[in-house]
Amino acid sequence: MAERDLTSRLLSPRSLYQPQTVLNVQDDQDSEPSNQQSSLQTAISHQNHNHSQIYHENGNVSSPNPYEFLWSGGLSVPEPTTADPFRNGTPYVSGVYEVVKIVLCFPIALVRLVLFGSSLAVGYIATRIALAGWKDKQNSMPKWRSRLMWITRVCTRFILFSFGYQWIRRKGKPAPREIAPIVVSNHVSYIEPIFYFYELFPTIVASESHDSIPFVGTIIRAMQVIYVNRFSSTSRKNAVNEIKRRASCHTFPRVLLFPEGTTTNGKFLISFQLGAFIAGHPIQPIIVRYPHVHFDQSWGLISLANLMFRMFTQFHNFIEVEYLPILMPSDHQKQNAVRFAERTGQAMASALNVVQTSHSYGDLMLLTKAAQVQQENPWSYMVEMAKIESLYHISNLEAVDFLDKFLSMNPDPSGCVKLHDFLRVLQLKPCTISEEIFGFLDVEKNGSITFKQFLFGSAHVLNQPLFKQACELAFADCDEDGDNYCMKKEFADNLRVKFPDLNDDEVNGLFSLFDMDNDGRMSRDDFFYTLRKNPLLVAVFSPRLVHKNLIKSS
């Protein structure tokens, strides 16, 4: 499969043999059912006439598309990328030099540990005094309290010293807050927030979970932190509004954001979140490098304790901080945060001499999940989530749910799933339609599917314009009594249109997927929720829909 660039479309253009049909899809739930069904029946009729074979541009013939009744033009999945923005280059101690260095530095590490602990304790006490009695969190910290925080800022410099950063190389200077009220930086380690606390004492945007970290949570509060829950749209919206308010008010410190949303290994930039760019204020990008030979200081999947120990047992750790020129948003970019983010990302990637990928925090969630269940190659489960979110509006949590489903299929060491395990988890029996579903995902036609193919295929089906209408018609066909419930017998009768030899155990297995509360009957909500979680199963009901349409048109 040819390599595709980041702007390539995932879906191939519709073949020329297909008739030009205009579908008016009503998204309003109050629309008449007949209008919703007519669009689907048009597509079903088209599927009946063109279901025999699908011809690709290269002349090959593949199995029929089981989702053509949803007006799907087929599935195309980008080639796996070799970019790996989260892998630490030295996860373990290796080599005689490193072992000898750790042994020699161990006494020094004990002294550094004492320095770290005492600096943290003094900074914590100073911060508690500065925060004592301060209740007005809507306004900036009074000046006398900010001056008291200088004690904590000096302590953070001693903390950096204890980690082996005896000197820090700087290039350029921070712009005045009045000119650039927002600064953004790449994020490689936990060292950058400590450095910026000492250097700039900015307001930061941080996860709500940081507030509960002992000692650190108190110090973060003194930075007048803007808390955000990355999984809550309301919280993200409130955070953006607060960024705008504080950037516009000169009494607040400048606002610091890490637009990548997580740490990387510094060899790549990943996709930017838009919170820093929506406000439309001038931005000063800052880049941080960690030159090294034997010890990679990036966080990755390394435990915090392990990373701290390795830092304590180095003679010196190198860090370079470069302040880039200020970026002024044009009038157009003030209305288009995406373009402003792209422009900033290009400037930072060019200065770092790296490329920016479509990975995001969602990929780290997938990587971590795969590592937790001890997959041999957890890195293969990254899918460039920013691209999927943009194309299919699939959230990080939904992607993790799909990964849970895929992992239950018992992938082999290479991260591939065979047909029998795929059918086992989806409670399908080997037959034509189930093989077509698997073949739809198996774009390489090698008899196995990867998680990326499974996720792209599921998201593709879920976002077809007629998916919702197909679910409505499928449930209406199962609900013969019209009471918004489907009994097991009704469900079995519906399935046996396509699976005439389906036995009771096989019916029970598939019905158990849809009966969420195990009460022996399937509600409308159960049905829709299950198809939302398992969108590939909608093809199981397509033969019944085609059959009904043929009867009506005969």
Side-chain angles (χ1 to χ4, degrees), residues 115-163 165 168 174-178 180-185 187 189-230 235 238-259 261 263 275-276 279 281 284 286 288 304 308 321:
L115 177 62
F116 167 77
S118 57
S119 299
L120 183 61
V122 172
Y124 174 74
I125 293 172
T127 303
R128 288 296 299 267
I129 296 173
L131 292 176
W134 184 43
K135 304 296 183 181
D136 184 14
K137 299 299 191 295
Q138 293 300 312
N139 295 310
S140 60
M141 179 180 285
K143 289 185 178 180
W144 73 268
R145 296 181 185 271
S146 296
R147 292 192 183 101
L148 190 57
M149 287 302 298
W150 264 107
I151 299 175
T152 308
R153 294 176 68 177
V154 172
C155 289
T156 58
R157 185 62 188 93
F158 281 104
I159 290 174
L160 290 173
F161 188 92
S162 70
F163 282 129
Y165 300 96
I168 297 173
R177 188 251 182 261
E178 294 75 17
I182 297 177
V183 293
V184 297
S185 171
H187 199 5
S189 179
Y190 61 84
I191 294 299
E192 301 102 50
I194 300 175
F195 169 79
Y196 290 131
F197 181 91
Y198 165 71
E199 181 91 341
L200 303 175
F201 191 53
T203 290
I204 64 171
V205 179
S207 170
E208 292 176 343
S209 60
H210 287 55
D211 187 67
S212 60
I213 301 176
F215 298 103
V216 176
T218 299
I219 297 175
I220 286 177
R221 285 196 293 274
M223 300 175 72
Q224 304 169 79
V225 61
I226 301 172
Y227 287 119
V228 61
N229 180 350
R230 69 173 82 229
S235 178
N238 292 338
V240 169
N241 292 334
E242 192 64 13
I243 292 170
K244 291 181 180 179
R245 185 179 77 87
R246 298 194 186 187
S248 302
C249 181
H250 294 304
T251 61
F252 277 100
R254 73 192 80 211
V255 181
L256 166 68
L257 296 102
F258 298 102
T263 56
H281 289 284
Q284 182 174 32
I286 310 174
V288 180
L304 179 60
M308 291 177 64
V321 180

T152 and T127: side-chain donor and acceptor closer than 3.5 Å? yes
Mind checking whether E192 and F195 have side chains closer than 4.5 Å, heavy atoms only? no
Do you know the tightest heavy-atom contact between R177 and C249? NH2-O, 2.8 Å
Rounded distance [0.5 Å steps], CD1 in I220 versus OG in S207: 9.5 Å
Find the distance between CD1 (I125) and CZ (F215) and round it off to the nearest 0.5 Å. 9.0 Å
If we ignore hydrogens and angles and just use 3.5 Å, is the side chain of Q284 paired with the main-chain N or O of A180 as donor and acceptor? no
Closest heavy-atom contact between L115 and F158? CD2-O, 3.8 Å
Pairwise side-chain contact, I191 with I168, heavy-atom cut-off 4.5 Å (strictly under): no
Heavy-atom check, side chain of V183 versus side chain of P174, under 4.5 Å: no
Is there a side-chain contact between L120 and I219, using heavy atoms and a 4.5 Å cut-off? yes
Distance-minimising heavy-atom pair for Q224 and N139: OE1-O, 3.7 Å
Reported CG-to-SG distance for the pair L160 and C155, which is rounded to 0.5 angstrom: 11.5 Å
Find out whether V240 and K244 are in side-chain contact, i.e. whether some heavy atom of one side chain is under 4.5 Å from a heavy atom of the other. yes
Say you draw a straight line from OG of S146 to CZ of F201; how long is it, rounded to the nearest 0.5 Å? 5.5 Å
Check this for me: R128, atom CZ, are more than 12 non-hydrogen atoms of other residues, nucleotides or ligands nearer than 6.0 Å? no
Is the backbone N or O of Y198 less than 3.5 Å from a side-chain atom of R153, with the two atoms forming a donor-acceptor pair by type? yes
Roughly how far, to the nearest 0.5 Å, is the OG1 atom of T203 from the CD atom of E242? 9.0 Å
Keeping R145 on the side-chain end and A222 on the backbone end, is there a donor-acceptor pair under 3.5 Å? no
For L256 and S185, which heavy atoms make the closest approach, and how far apart are they? CD1-CB, 4.5 Å
Pair R221, T218: side-chain N/O donor-acceptor within cut-off below 3.5 Å: yes
Residues V225 and A206: closest non-hydrogen pair is CG2-CB, 3.8 Å
Is any side-chain heavy atom of H281 less than 4.5 Å from a side-chain heavy atom of R254? no
Within a strict 4.5 Å, meaning less than it, do heavy atoms of the P142 and W134 side chains meet? yes
Would you call the rings of F258 and H187 parallel, tilted or perpendicular, taking 30° and 60° as the class edges? parallel
M141 side, atom CE; T251 side, atom OG1 - distance, nearest 0.5 Å: 12.5 Å
Over 12 non-hydrogen atoms of neighbours within 6.0 angstrom of OH in Y190: yes
Compare every heavy atom of G275 with every heavy atom of I243, then report the nearest pair and how far apart it is. CD1-O, 3.9 Å
